[in-house]
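Note sheet for the following structure.
What you see is a predicted model, and the numbers here were worked out from it, not measured in a lab. Position 1 is the first residue of the sequence; numbering continues from there.
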Amino acid sequence: MGGHGALVCGFNNPGKYRSVSAFVPICAPSECPWDLKAFNCCLGSNKDAWRRYDASELAKRAPLSFPILVDQGSQDQFLDEQRNPERLTTACQSSGQELRLHRRLGYDHSYFFISSFIQDHITYHARYLKA
């Protein structure tokens, strides 16, 4: 949940970050089978409370002043059922939030995937931290 946590921190604290990126985040945890149990346990059954911790819901609000960078492997075994990058894409489009979603063909959720594209994320963050 590191990728999703980065997105939530960025959206919930817009003035504290200059850049946010994520590798294979769960983009809509309030609709994700893995997270429904956790949301119920930690936040109760009130789904309105869940929105504060769901990146796709948060993306519908005012956009951040910088683009968000997300990398997703096309062969991630949990892509269709758990990741939901299309929900984040739709939410960002509705608010005008710039999203740079890279769908990496042939990659899964492995160390090799992260190591293949980590330099892109470092370069992205360095650009916005220098600004």
Side-chain angles (χ1 to χ4, degrees):
M1 292 293 289
H4 181 260
L7 295 173
V8 168
C9 286
F11 281 122
N12 278 329
N13 301 283
K16 293 186 178 183
Y17 295 93
R18 292 185 182 179
S19 60
V20 174
S21 74
F23 282 97
V24 293
I26 294 174
C27 296
S30 64
E31 300 175 25
C32 171
W34 278 346
D35 295 316
L36 293 176
K37 184 176 179 180
F39 272 31
N40 269 308
C41 179
C42 297
L43 301 171
S45 61
N46 180 355
K47 292 186 178 185
D48 288 334
W50 298 5
R51 289 188 178 117
R52 293 186 349 223
Y53 303 99
D54 185 311
S56 291
E57 291 296 323
L58 293 169
K60 294 176 185 177
R61 301 184 322 187
L64 299 171
S65 62
F66 50 83
I68 297 169
L69 175 62
V70 174
D71 271 278
Q72 173 64 60
S74 68
Q75 298 302 310
D76 185 318
Q77 70 188 62
F78 302 110
L79 177 60
D80 296 330
E81 186 178 325
Q82 308 290 341
R83 304 287 180 215
N84 293 315
E86 63 283 342
R87 297 226 192 259
L88 182 61
T89 300
T90 300
C92 288
Q93 288 171 343
S94 74
S95 70
Q97 171 63 56
E98 185 179 346
L99 173 65
R100 296 176 185 168
L101 173 61
H102 299 156
R103 298 173 189 266
R104 306 297 188 168
L105 294 177
Y107 287 89
D108 57 11
H109 191 100
S110 66
Y111 172 79
F112 179 70
F113 169 61
I114 304 296
S115 67
S116 296
F117 301 105
I118 191 67
Q119 186 60 51
D120 294 348
H121 286 249
I122 293 168
T123 301
Y124 158 81
H125 289 290
R127 176 179 172 206
Y128 288 95
L129 291 172
K130 288 180 183 178

- Item | N/O donor-acceptor pair under 3.5 Å between Ser74 side chain and Gly106 backbone | yes
- Closest non-hydrogen atom pair between Leu64 and Gly10, with its separation: CD2-O, 3.6 Å
- Message: Working to the nearest 0.5 angstrom, can you tell me the gap between Leu101 CG and Gln72 CD?
- Response: 7.5 Å
- Check whether any side-chain N or O of Gln77 sits under 3.5 Å from a backbone N or O of Asp108 as a donor-acceptor pair, and report yes or no. no
- Is it possible for you to say whether Val24 and Leu99 belong to one hydrophobic cluster, with membership spreading through side-chain heavy-atom contacts below 4.5 Å? no
- Indicate yes or no for a side-chain donor-acceptor contact from Ser56 to the backbone of Cys27 under 3.5 Å, with no hydrogens or angles considered. yes
- Query: Looking at side-chain heavy atoms only, is the closest gap between Ser30 and Tyr53 below 4.5 Å?
  - Reply: no
- Message: Rounded at 0.5 Å granularity, tell me how far NZ in Lys60 sits from OG in Ser94.
- Response: 6.5 Å
- Task: Output the distance between atom CG (Leu7) and atom NE2 (His4), rounded to the nearest 0.5 Å.
- Result: 6.5 Å
- Do you know which two heavy atoms are closest between Val70 and Pro25, and how far apart they sit? CG1-CD, 3.6 Å
- Message: Over 60° means perpendicular and under 30° means parallel, so tell me whether Tyr107 and Phe112 are parallel, tilted or perpendicular.
- Response: parallel
- Query: Going from CZ on Phe117 to CZ on Phe23, what distance comes out if it is rounded to the nearest 0.5 angstrom?
  - Reply: 8.0 Å
- If you measure from CD1 on Ile68 to CD on Gln97, what distance do you get to the nearest 0.5 Å? 4.0 Å
- Query: Side chains of Glu86 and Thr90: is there a donor and an acceptor less than 3.5 Å apart?
  - Reply: no
- Message: With a 4.5 Å cut-off on side-chain heavy atoms, are Ile114 and Asp71 touching?
- Response: no
- Salt-bridge test for Asp120 and Arg104: reply yes if a basic N is under 4.0 Å from a carboxylate O, no otherwise. yes
- Task: Starting from the C-alpha separation in whole Å, work towards a yes-or-no answer on side chain to side chain contact (heavy atoms under 4.5 Å, CB included) for Phe113 and Ser116.
- Result: CA-CA 5 Å; Phe113 169 61; Ser116 296; 5.7 Å; no
- Query: If you round to the nearest 0.5 Å, how far is CD1 of Ile26 from CG of Leu88?
  - Reply: 13.0 Å
- Spell out, as yes or no, whether a donor-acceptor pair under 3.5 Å connects the side chain of Ser21 to the backbone of His121. no
- Query: Hey, does the side chain of Tyr124 reach the backbone of Val20 with a donor-acceptor pair shorter than 3.5 angstrom?
  - Reply: yes
- Task: Cation-pi check, Arg18 to Phe66: give yes when NZ or CZ is under 6.0 Å from the six-membered ring centre and within 45° of the ring axis, no otherwise.
- Result: no
- Any side-chain donor near an acceptor of the partner, Arg83 and His109, under 3.5 Å: yes
- Query: Can you list the steps and then say if Leu69 with His125 is a side chain to side chain contact (heavy atoms under 4.5 Å, CB included)?
  - Reply: CA-CA 9 Å; Leu69 175 62; His125 289 290; over 6 Å; no
- Give a yes or no answer on whether the side chain of Asn84 reaches the backbone of Arg87 with a donor-acceptor pair at less than 3.5 Å. no
- Would you please test Leu129 and Arg127 for side chain to side chain contact (heavy atoms under 4.5 Å, CB included) and show each step? CA-CA 6 Å; Leu129 291 172; Arg127 176 179 172 206; over 6 Å; no
